[in-house]
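This report concerns only the one structure given below.
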Amino acid sequence: MSDLDAFRTETREWLEENAPALIRQPIRGDEDTVWGGRNAVYDHPDQKLWLERMGAKGWTCPTWPKEYGGGGLSAEESRVLAEELARLGCRPALFSFGITMLGPVLIEFASEEQKRRFLPPIARGEIRWCQGYSEPGAGSDLAGLQTRAVLDGDEYVVNGQKVWTSYADLSDWIFCLVRTDPDAPKHDGISFLLFDMASSGVEAAPIQLISGSSPFCQTFFQDVRVPKDQLIGKVRGGWTIAKRLLQHERSMISQLGTGGGPRAEGLPELGRRYLGGTEGEPLPDPLIRDRISQFGMDRLCFGATTRRSVDAAKAGRGAGAETSMFKYYGTEMNKRRTELAVEIAGAQGLGWEGEGFSDAEVGLTRGWLRSKGNSIEGGTSEIQLNVIAKRVLGLPD
Amino acid sequence: MSDLDAFRTETREWLEENAPALIRQPIRGDEDTVWGGRNAVYDHPDQKLWLERMGAKGWTCPTWPKEYGGGGLSAEESRVLAEELARLGCRPALFSFGITMLGPVLIEFASEEQKRRFLPPIARGEIRWCQGYSEPGAGSDLAGLQTRAVLDGDEYVVNGQKVWTSYADLSDWIFCLVRTDPDAPKHDGISFLLFDMASSGVEAAPIQLISGSSPFCQTFFQDVRVPKDQLIGKVRGGWTIAKRLLQHERSMISQLGTGGGPRAEGLPELGRRYLGGTEGEPLPDPLIRDRISQFGMDRLCFGATTRRSVDAAKAGRGAGAETSMFKYYGTEMNKRRTELAVEIAGAQGLGWEGEGFSDAEVGLTRGWLRSKGNSIEGGTSEIQLNVIAKRVLGLPD
Amino acid sequence: MSLILSEEQEFLRDTVREFVQENAPVTALRALRDSQDPDGFSRELWKEMAELGWVGAALPEDLGGAGLGFAELGIVLEECGRTLAASPYLSTAVLGASALELAGTDAQKKELIPEICSGERVWALAFQEGGQFAPFECATVAESAGDGFRLSGEKLFVLDGHVADTLIVTARSAGGSSDREGIRLFLVDPKAAGVEITRTLMVDSRNAARIRFDAVEVDRSAALGQVGTGAATLDAVLDRAAICLSAEMLGSTQEVFERTLQYLKDRQQFGKPIGSFQALKHRAANLFCEVELSKSIVLDALRALDEGRPGLSLIASSCKARCSDTFVLAANEGVQMFGGIGMTDEEEVGLFLKRAKVAAHCFGDGAYHRNRFAALSGY
Amino acid sequence: MSLILSEEQEFLRDTVREFVQENAPVTALRALRDSQDPDGFSRELWKEMAELGWVGAALPEDLGGAGLGFAELGIVLEECGRTLAASPYLSTAVLGASALELAGTDAQKKELIPEICSGERVWALAFQEGGQFAPFECATVAESAGDGFRLSGEKLFVLDGHVADTLIVTARSAGGSSDREGIRLFLVDPKAAGVEITRTLMVDSRNAARIRFDAVEVDRSAALGQVGTGAATLDAVLDRAAICLSAEMLGSTQEVFERTLQYLKDRQQFGKPIGSFQALKHRAANLFCEVELSKSIVLDALRALDEGRPGLSLIASSCKARCSDTFVLAANEGVQMFGGIGMTDEEEVGLFLKRAKVAAHCFGDGAYHRNRFAALSGY
């Protein structure tokens, strides 16, 4: 038996024993998502138990080194773990920007001391992180940010305002781009700073979106004092870290395009429900059917592209700018999917709330509106196309 | 009876009497197009007769003043004439760049003497004109042209090279953009010159297109001597004339989008022929049917827009940059039409020549290829969008 | 008829614009939404517009209308579209009035149309039964019952259904549920026994309802129009509705396009206005062309209605398909070009997006009308 | 199987590329066209490629093949696509070989496949009957006649039909002209009495023919495969053909895209390279994504063939639809971005456009395969 097979057997046994029953049921809605953090909310004690067990094994971030709270798994082992989790239909133990965005750049750029300090609580879901990037005047032109951090003794004093801070009102800490040198060229004056959202002078106000949800905040900093050892990488070296982190963010967002998790009903099923026709026979609307089919095919092609990218990365041929392709195409696909979904449901896909619409139908409406932001957040589609044109295609300025 | 009714009666009588029988039959192919000129080719004597009769009345260019060989008609009278010509199914007496492009700018910019010299032969179809605009290095950037005209006594000496000169090999005279002042800013050093293609030093070489036809030439000028009274407008004032003439050209090309003349079989008929199904019942391919329908609707909308533009012009509210919209949208529509047509015919719409394909089928293939040039010639679609963005929408540089 | 506005029409447009911008700006729709207004529109404002002669703009003077035409009604609706003004225009002045005008007896017209023109009564046409727009799919039945009829069935997406004083209901007295034949129109009192009305809150914050008819008894006189003419009436009413809604959508489309253009000029990124970036310029210029074509076909369709031009249905379908698609495109481009701010509930561009999708669906979307255009054209 | 090339595969690609660029550049196709070459391809080159083991790349070694796989055959075809190389690959090494492999008896395989691998015999599969691709619409009939069959019907767009040494013909021994059932495959000698072959000159200058069968008598042994399996064989053969043609199209797509990119960098207008204009940049970047997705699905589909993966038809249809649409898009963008020069016969970009449209149609275009994908998925 190969080592990998042994690992699979071991993992399977451990999961059979340790994955609580509830965790093996599909996620029903946002309330089933576990974000962790100091004020973690669990809809059911099994969620907490699952996070603790997975966190203790480091399997919330399986490929991170063990000394930083990770699982220390190889890429192959990590894939086996994912397969075994999928086999049992296990829910993710934790959804965390600490894992998807901050962790990877800390591993790459932080000091040993910083890694040991910040990574393990991320892995265990003890600290919930938010991202302080965009500002009202600095959206696509992210490097135009104005939030200042001035060194005063051993502390930076931060003043300014962020916007689109995801869940700032629910987060414990923030990773934040600040301008430490206002006189340097704009990309060169930026640093990457971590601080506690409970610090004096921090305030977060949720923004209501067109979809009715408020996942983002405006975040205000007034004389917030941050110990200088919470600056990651070099002073004025923040832009490099920022760009790398954006790649991780884009990868995360681009996965939306593959059509949603287990919760999302597929377009063919939606079509059958709303358009009728006999099971196994063509849907009665040939135009909608053509578009469903187009989406299904594109999803296959997108999936193959993701796998190809993983294979290339394993062979050491990863290309950073590829994330822009995934971000652009994935989010545009997701917008296409939600647009099609509401058209399939017709008037029933345009309800806002209340009587006359099922929860799933209201979900179609809200999901459609929410998806419009996918091609804006994490760098607009236009920015991604710029990046591809410049970095990948080498087109001149 | 109003004056207009009287004019209608009179016109109808004259046409009944003077339009030869052949002229009342639909055009079958390119060979039926009468271009006039010194070496005019007539497929049938009726064509010549018709041109002479219409030319004598000035009805080849009905709204031009009588003293310049036109018909001196008002806009309303001209419309009546068009209606009466259509009623009998009369072919155009003459197809001429002199009428559609050069004439209007001569009327606006030329001296009285120049008008009396050049316009009447255009109206009578005695001189066939071609357009010397683009150069190998100056396509979209038309004002970057390099053809030089240097004054030497009473003559300009022209040296340089033009490209995309329509029918230069068959034309008698050329209207040509030349650089008379190489030191001025590029738009300011250009003049508008007319000269005889029989002049010593002029050579034209046809260019074969992807469609197999060769309507365009490369045209070479070597020490061509042009009397200076053949310069139109002001020296170095050529760019103003050039831009106005481009509008006339764009209007002409944009009419392609409305779906071709009597020769072009409509998409619904093509669909019925190649896709089958019962007359009056839906075409068996719902996707092609949807696209045919989309095109049919867009043609209605485009037609209404043309009429609205005419109505606005009559009310003195014409907008010059609108021609860019017509050029852009009309040519893109025409490309859509030809693309759809070959798809309807399938393998039968992809034949090049020879056995196995009817003339009409080969025409589909060639027409599809030829249409690709519509969004390039007379200013690319990209240039039209630039013009709209700048002139109409006022978007900043 | 000329495809540009006459001086009188321009004056009307300016007057309506001023009135609507003043009395029913986009913030008014937001206020109706946020206050969960039970009517979903301002009755007072509706009365005022009726008094100004705008509700009955296209209706004859002897029935209380202004005796103008659809060209004029279209101007009013276009201006209402600019501010997303909520009102019973479509349900009452278009659907209700058209059904009465086209199928009513002289007595019905004389009695009922003046009350529309004066803004006193709100009407609703209940015809859609499924999520998809399919007006001739009608499972609601009208059985003969004594001297009248007994209606049973369920309708959804009934515009202004919860505030209507009178309902016009399509029901079938013969034929299978997909047949055009056998459909008739009935006037139903919303307070009649067996009528159950549920307001449905749509994403565009405009009025709609789901209505159940449970063996609702109506008089013989409640039948609108003759036996055998129901489908033709419905077709003609929906042609008018498609064109009038297109006029409204055109106003909304132009507004969201103009706001987007302004934003492109104002918003600075990378040290210059984002409208100076060529990729956005080209998209804006292309959108301009689509909007211009929409404008032309709306003007032409309104005039075709006034002229009673043959082939009206082809024009109506072209008009609705184009205006649906262009409005959705313009609204999507608007949100994307506004960027993050466009995603906020606070910024109004999102309200245009919401309205675009509902209006595109209402009375048939692009695909529906392309199918209809092809069928009418015999292919 | 990994979706990136192994070292061996990279070596093969480099070898083929060098060979093809040297021996069959785009100018070779032009020369075949302009000289009105009666074969429409170079027999000598075909022999050479066979000797290099590339024709039989995916065929078993004991039948004369190289015993590699479709992954490798795809590499060869992709490189051929880069130069629009004309050859009987599709007709012979894919259609002919696959039909024999999937439906032939051991004796037929042993006799006939080695002659394919060695480049000695050219095959053609005659199945399409109308302008539209509809492989199971088969009006050609095979009546029993004595100990054999009598074939009557007409086929068009038969790849390499005028140079084939053997024809495989679909004909119906039972069922109506649209039934899948009743279709069988027959081996027919093109020189047999009653076979009338007309070469048809397509816009892409590649080989095709129209073939009439006028009561053509064939032996009982001419039937390929068992009764009742014809449609399934044809389906499987066409899946392979769709994937292999996609690989060729991918090569052409990448080539035309790369040439366009180079032109964007080289061509100067308004004092700078036209590739510095953002509107063109965005279109190029979008196209890049489409090309990348095409690349992935081609690699995946070739591996699915090699693995015998379940659900292969879904992948084949996804692959062909995407590669058709992307090649046409890339070629159209190419001509538009080359501008006037792209419209000339002299510039090669137009040859890619011509090939794009024919290849997109061949074995079914995007719409055909989307329909098939939906049907296979049960909706």
Side-chain angles (χ1 to χ4, degrees), chain B residues 134 136-144 163-164 186 207-214 216 273-276 284-288 291 335 339 342-357 361-362 365-366 368-370 372-377 380-383 385-386 389, chain D residues 33 36 128-134 156-158 198-205 208-210 267-272 274 277 279-280 283 328 331-332 334-354 357-362 365-368 370-371:
Chain B
S134 297
S140 285
D141 183 14
L142 180 59
V163 73
W164 310 121
K186 72 177 181 181
I207 300 167
Q208 192 181 359
L209 293 189
I210 55 174
S211 61
S213 67
S214 305
F216 304 112
R273 171 177 319 176
Y274 287 98
L275 306 176
D285 184 328
L287 294 168
I288 295 251
R291 289 164 66 196
K335 281 165 56 176
E339 195 88 31
V342 298
E343 285 177 34
I344 290 170
Q348 289 307 104
L350 295 167
W352 181 248
E353 63 186 2
E355 285 185 86
F357 306 103
E361 286 171 339
V362 169
T365 311
R366 306 291 185 109
W368 162 67
L369 287 166
R370 180 62 187 86
K372 299 298 175 193
N374 299 155
S375 54
I376 296 168
E377 57 205 321
T380 62
S381 282
E382 290 76 13
I383 290 292
L385 291 172
N386 284 346
Chain D
R33 178 193 78 173
Q36 301 183 300
Q128 189 165 333
E129 300 194 346
Q132 293 297 323
F133 177 79
L156 54 78
F157 196 46
V158 182
T198 311
R199 181 181 186 181
T200 44
L201 298 173
M202 307 300 292
V203 71
D204 65 345
S205 306
R210 180 182 278 264
R267 170 75 171 171
Q268 303 272 329
Q269 290 284 277
F270 305 103
K272 47 186 181 175
I274 60 174
F277 289 98
L280 296 186
R283 279 156 59 183
V328 169
N332 270 317
V335 169
Q336 179 68 20
M337 291 185 186
F338 270 82
I341 195 80
M343 280 299 292
T344 64
D345 182 64
E346 195 182 348
E347 164 55 50
E348 293 179 344
V349 69
L351 297 174
F352 283 85
L353 175 66
K354 292 171 175 181
K357 204 73 184 169
V358 177
H361 168 79
C362 189
D365 64 8
Y368 174 86
R370 286 193 295 278
N371 177 49

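Only a predicted model underlies this, so the values are computations on that prediction, with no experimental measurement involved. Convention: sequence-line order gives letters A, B, ...; per-chain numbering from 1.
Side chain of D/Q132 to main chain of B/I344: a donor-acceptor pair is present (N/O by atom type, distance under 3.5 Å, no hydrogens or angles). No donor-acceptor pair under 3.5 Å is formed between the side chain of B/Q348 and the backbone N or O of D/G131. At distances below 3.5 Å, at least one donor-acceptor pair connects side-chain atoms of D/Q269 with backbone N or O atoms of B/G139.
Both the backbone and the side chain of B/L350 come within contact range of chain D, judged by heavy atoms closer than 4.5 Å. B/A143 does not touch chain D: none of its heavy atoms, backbone or side chain, sits under 4.5 Å away. Of the atoms belonging to D/V349, not a single heavy atom falls under 4.5 Å from chain B. Only the side chain of B/V342 comes within less than 4.5 Å of a heavy atom in chain D; its backbone stays farther off. Only the side chain of B/L287 comes within contact range of chain D, with heavy atoms under 4.5 Å apart. The part of B/T365 that comes within reach of chain D is its side chain, from C-beta onward, which places non-hydrogen atoms under 4.5 angstrom from that chain.
Looking at D/M202 and B/E353, their side chains never come closer than 4.5 Å, going by heavy atoms from C-beta outward. Inter-residue side-chain proximity for B/E343 and D/K357 is flagged as met; some heavy-atom pair is nearer than 4.5 Å. D/Y368 places none of its side-chain heavy atoms less than 4.5 Å from the side chain of B/D285. Between B/E382 and D/M337, every side-chain heavy-atom pair lies at or beyond the 4.5 Å cut-off.
Judged by the 6.0 Å and 45° rule, D/K354 forms no cation-pi pair with B/W368.
Not counting sequence neighbours, D/E347 has no partner by the salt bridge (Lys or Arg N to Asp or Glu O under 4.0 Å) test.
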